[in-house]
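Comments concern the structure below.
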Amino acid sequence: PSDFNVLIKGYGWAGMVDAAMDMLKQIRNFGFSPTVMHFNCLLGVLLKENCLDTAQTVYNQMLTEGCPPSVITYTTLIHGFCAARKVDLACRLFKEMGGNDLSPDVYTYSALIHGLCKAGRVEKASFYFEDMKSNGCLPNVVTYNALIYGFCKTANLDCAFEIFSEMSATSCEPDARSYTLLIDGLCKLDRSQEAFKLLNDMQQKGFVPGIVTYNCLMNGLCKEGNLFEAYNLLDGMMNKGCIPNVYTYSPLIGALCKSGKVHKVY
RNA sequence: ACCGAUGCU
């Protein structure tokens, strides 16, 4: 029974949407009826593969089969629609679930807040952030990080840092990702000096910077044309066992070209 | 037990 979820996810991982769809028939062939978990699992796969129409069909099927959507169903749909750049549709679903006596939880809010932030609509995201708190739903590190992402994306670092302080003050400690988000935000505004201060802070707190953190810093240094420090950073990260990837090299190559040192690229 | 949310192109 729950093994079907593993299979659906496996097909989803392989991008085999049709095979995942067939699992619904398989479940019935085995004499079971698909549960809300099976539907949720399948919806997640379909939305990840951008099969919005098929997802709609499956969702309708759920309803007609008397399998009422759960909070997880709505969260899956909201997340999927946000990923498909249909944030308004996601907001509509969010309102709809209230009418169905379902209360959004921290996953639901986080998905919607992140979707709005990704669309650059951080002020509407802030509205839902306040809404969740007044509904007694406590934001967690994922919610906070999503908002920090939104403020950084819109170059509003003051608000991003405000949220960051709020976390520390509310027993929701920032994680490595929170720091990386701020580091990226600073670097994108040519403020890599401050970003390196944050790198120190995060290390003081015992977080080990990962490849993404280093890539953000690399991007910043290269944007500022600081090739010397960029090479220093490259050395430093490799010494710490971090393998550079395309996100590391591409800004470096760009900066080298810009400075006329094209030969160094090779 | 098993389904849902956050970082660099």
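Chain letters run A, B, ... following the sequence lines, proteins first and then strands; every chain starts at 1.
Rounded to an integer number of Å, the gap from CZ of Phe207(A) to C1' of G7(B) is 14 Å. Distance OH (Tyr149(A)) to P (U6(B)): 10 Å, rounded to an integer number of Å. Taking atom NZ of Lys118(A) as the reference point, atom C1' of U9(B) lies 13 Å away to the nearest angstrom. One atom, CG of Leu182(A), and another, C1' of C8(B), lie 14 Å apart when rounded to the nearest Å. We find that CG of Asp184(A) is positioned 17 Å from P of U6(B), with the value rounded to whole Å. Residue Met167(A) contributes atom CE, which lies 12 Å from atom C1' of G7(B) at whole-angstrom precision. Between Phe164(A) atom CZ and U6(B) atom P there is a gap of 20 Å when expressed in whole angstrom units. Look at CD1 on Ile163(A): it is 18 Å from P on U6(B), rounded to the nearest Å.
For the residue pair Asp22(A) and Tyr11(A), no side-chain donor N or O sits within less than 3.5 Å of a side-chain acceptor on the partner. Neither side chain, Ser168(A) nor Ser165(A), offers a donor N or O lying under 3.5 Å from an acceptor on the other. Side-chain contact, His79(A) with Thr76(A): no donor N or O sits under 3.5 Å from an acceptor N or O. No hydrogens or angles considered: nothing links the side chains of Asn200(A) and Gln204(A) as a donor-acceptor pair under 3.5 Å.
Nucleic acid contact for Thr73(A): none, since no nucleic acid atom lies under 4.0 Å from a heavy atom of the residue. Using a 4.0 Å heavy-atom criterion, one finds that Val246(A) contacts the bases of the nucleic acid, with or without backbone contacts as well. If you check every strand for non-hydrogen atoms under 4.0 Å, Thr248(A) touches nothing. Among the atoms of the strands shown, base atoms are found under 4.0 Å from some heavy atom of Asn140(A). Within 4.0 Å of Lys48(A), counting heavy atoms only, lies no atom of the nucleic acid at all.
No hydrogens or angles were tested; on distance alone, a donor-acceptor pair under 3.5 Å links the side chain of Ser250(A) to the base of U9(B). Scanning atom types as modelled, no donor and acceptor separated by under 3.5 angstrom connect the side chain of Thr76(A) and the base of G4(B). Put simply, the side chain of Asp105(A) and the base of A5(B) share no donor and acceptor less than 3.5 Å apart.
Among the nucleotides A5(B), G7(B), G4(B), the one closest to any side-chain atom of Val71(A) is G4(B). Across A5(B), C8(B), G7(B), the shortest atom-to-atom separation from the side chain of Tyr107(A) is found for A5(B). The side chain of Arg177(A) lies closest to U6(B), out of U9(B), C3(B), U6(B). If you check C8(B), G4(B), A5(B) against the side chain of Val212(A), the one that comes closest is C8(B). Each of C3(B), C8(B), G7(B) was ranked by its minimum atom distance to the side chain of Leu181(A); first place goes to G7(B).
In terms of modelled atom types and a separation under 3.5 Å, the side chain of Ser192(A) and the main chain of Ala195(A) share no donor-acceptor contact.
Taking side-chain N and O atoms only, Lys153(A) has no distance below 4.0 Å to OP1 or OP2 of C8(B).
In this structure, the separation between OG on Ser110(A) and CG on Asp105(A) is 8.5 Å, given to the nearest 0.5 Å.
Within residues 8-40 of chain A, the residues approaching RNA chain B are Lys9(A), Met37(A), Asn40(A), by heavy-atom distance under 4.0 Å.
Shown are Phe94(A), Phe127(A), Phe129(A); of these, the ring pair (Phe, Tyr, Trp, His ring centres under 6.0 Å) with Tyr109(A) is made only by Phe94(A).
Put simply, the side chain of Leu63(A) reaches to within 4.5 Å of the side chain of Pro69(A), judged on heavy atoms.
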